> 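Dropping a structure here in structure tokens format, bear with me for questions.
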There are 2 protein chains.
Amino acid sequence: MNTRQPDQTRQTILAAAYAEIHRQGFQAASLARILADTSLTKGALYHHFPDKKALGLAVVEEVIRPELTAAMLTPVARAEHPLRALQALLEAKAQTADEALLTLGCPLNNLMQEMSPVDEDFRRQLNRLFTDWVAVVAEALARGQAAGEVRRDLDARQTAYFVVSALEGCIGMSKNTQSPAAFRGCALQLAGFLEGLKA
Amino acid sequence: MNTRQPDQTRQTILAAAYAEIHRQGFQAASLARILADTSLTKGALYHHFPDKKALGLAVVEEVIRPELTAAMLTPVARAEHPLRALQALLEAKAQTADEALLTLGCPLNNLMQEMSPVDEDFRRQLNRLFTDWVAVVAEALARGQAAGEVRRDLDARQTAYFVVSALEGCIGMSKNTQSPAAFRGCALQLAGFLEGLKA
DNA sequence: CAAAATACCTACCGGTTGGTATGCTGTAGT
DNA sequence: ACTACAGCATACCAACCGGTAGGTATTTTG
């Protein structure tokens, strides 16, 4: 019988680290607290990850990236009508009122705000993820332009950058305000901005 | 000769704490590092402030609030033409390319992102400052509506909330991207949004 | 089946953290 | 000039931090 399942163990640690980092931030995240959730010890952690920083970067790449991809990139990438897809995403976000995501904020944005100034490796890796996101939105806008649904006089890349930034801004402010209504209002305004992009 | 100047000492500590918190965040900010900049010791710090948290809250109220007021609230509050004033502020921010503010981000937003989920006192105090900011912008928009310069069909308060959120979002993303050009483009898009509010 | 490598645990380490207890000193009030 | 207290320095503390050393048990490999 298999009592040891290293892959499973690794995933357990990653999941616990993700939760802890989401709540406390990376620097304030405690390895002891991460391990307290699991029934594992430091030996297991340091067997799978060389140090705390590597654990954090692994969380970004193996937890946050897939989640963000599933939630935001794929829907937009597939969409035939990009503006409608973006507005639908906003609508969905506003409705669900995801407790964790509203009070704790976007994990990607949280880490960018915290780590970009203090660690170059973190900054680069987070920027890659962010850039990918912007690229997907930009491509969607460009497809909209080609289809005559989106104004041709605007810079797709720059507009995409703004849309993602504004969304992150809205989520961030709502984290402070702690009111789903406030976020909904904010998302509504952003939807209004998107409306203004129509050809 | 006066060798002791308690007010001056207090300000010195506040300034050093502000710089350290701006760089590292509040939780990661070290009292030892704060005091290393000044030539003071823990005795001085704990004479003027009961604990680290009180120091942090004092920084918010006595350093960040006045700075933000001077930089963003007052200009907007005085402006006759609110939309033009907001756009001028964006323009100014984009031009100066303030090193510290671009790579380290907005001190208010940084603290909101970090502290809102983990400390209710911080959240409330930061939210007061943020709310004041939104209120000033909202009043400016309302004045614009009264003057017939701004569309009357929009909710001034909600629009103001979005404008401030989007601005913070743009600053935050630029902190990660570390390119003044990216922030300029983002600010440009926000200016475009403001343009769409004209009557 | 033996040997080697992997997976994980326990105990511990040096360093840093925020915080405190105590003592010296300049200075204002009388 | 004496007192009393504010203003600060020094020395120290327990708790916690990330990380390591060394052992044990379970696999995989030859």
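Note that the coordinates shown come from a computational prediction; the quantities given were computed from them, not determined experimentally. So you know, we letter chains A, B, ... as the sequences are listed, proteins then strands, and number each from 1.
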> Mind running a 4.0 Å heavy-atom check of residues 9-21 of chain B against DNA chain C and sending the residues that fall below it, in number order?
none
> Rounded to whole Å, please give me the gap between CG in A/Leu55 and C1' in D/dG19.
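Atom-to-atom, A/Leu55 to D/dG19, this comes out as 13 Å.
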> Are A/Leu35 and A/Thr38 close enough that some pair of their side-chain heavy atoms sits under 4.5 Å apart?
yes
> Rounded to whole Å, please give me the gap between CG in B/Leu40 and P in D/dC8.
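In whole Å, D/dC8 P and B/Leu40 CG are 7 Å from each other.
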> Under 6.0 Å from the ring centre and within 45 degrees of the ring axis: does the NZ or CZ of A/Lys52 meet both conditions for the six-membered ring of A/Phe26?
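A/Lys52 over A/Phe26 ring: yes.
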> Apply the side-chain contact (heavy atoms from CB on, under 4.5 Å) test between B/Glu20 and each candidate in B/Ile34, B/Val59, B/Asp37; give the one that qualifies.
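Looking at B/Ile34, B/Val59, B/Asp37, the match for B/Glu20 under the side-chain contact (heavy atoms from CB on, under 4.5 Å) is B/Ile34.
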> Regarding A/Asp7 and A/Gln11, do their side chains bring together a donor and an acceptor under 3.5 Å, going by distance alone?
no
> Just the rounded figure in Å: distance from C1' of D/dA15 to CZ of A/Arg33.
13 Å
> For B/Ser39, answer base if it contacts any base atom (sugar-phosphate contacts may also be present), sugar-phosphate if it contacts only those atoms, and nothing otherwise; contact means non-hydrogen atoms under 4.0 Å.
sugar-phosphate
> Which of these nucleotides, C/dG19, C/dT27, D/dG18, is closest to any side-chain atom of A/Lys42?
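Comparing C/dG19, C/dT27, D/dG18 against the side chain of A/Lys42, the answer is D/dG18.
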> Just by modelled atom types, is the B/Met112 backbone N or O under 3.5 Å from a matching donor or acceptor in the A/Lys175 side chain?
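No: the side chain of A/Lys175 does not pair with the backbone of B/Met112.
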> What is the distance, rounded to the nearest whole Å, between atom CG of A/Leu31 and atom C1' of C/dT10?
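Atom-to-atom, A/Leu31 to C/dT10, this comes out as 17 Å.
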> Any side-chain N or O of A/Ser30 below 4.0 angstrom from OP1/OP2 of D/dC17?
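True: A/Ser30 side-chain N/O within range (under 4.0 Å) of D/dC17 OP1/OP2.
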> Which one, C/dC9, D/dG7, D/dC17, comes nearest to the side chain of B/Arg4?
D/dG7
> Do the ring centers of B/Phe193 and A/Phe162 come within less than 6.0 Å of each other?
no
> With a 4.0 Å cut-off on heavy atoms, is A/Ala29 in touch with a base, just the backbone sugar-phosphate, or nothing at all?
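The answer is sugar-phosphate, as A/Ala29 gets under 4.0 Å only of primed atoms, P, OP1 or OP2.
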> Rounded to whole Å, please give me the gap between CD in A/Gln27 and C1' in D/dC16.
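One finds 16 Å between C1' of D/dC16 and CD of A/Gln27, rounded.
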> Please work out which residues in residues 43-54 of chain A have a non-hydrogen atom less than 4.0 Å from an atom of DNA chain C and list them by number.
A/Gly43, A/Ala44, A/His47, A/His48
> What is the distance from CD1 of A/Ile34 to P of D/dG19, rounded to the nearest Å?
11 Å
> Distance-only, no hydrogens or angles: does the A/Ser116 side chain make a donor-acceptor pair with backbone N or O of A/Arg123 under 3.5 Å?
no
> If we ignore hydrogens and angles and just use 3.5 Å, is the side chain of A/Glu168 paired with the main-chain N or O of B/Met173 as donor and acceptor?
no
> May I ask you to decide whether A/Arg151 forms a salt bridge with A/Asp153, counting only side-chain N to carboxylate O separations under 4.0 Å?
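Between A/Asp153 and A/Arg151 there is a salt bridge, with a charged N closer than 4.0 Å to a carboxylate O.
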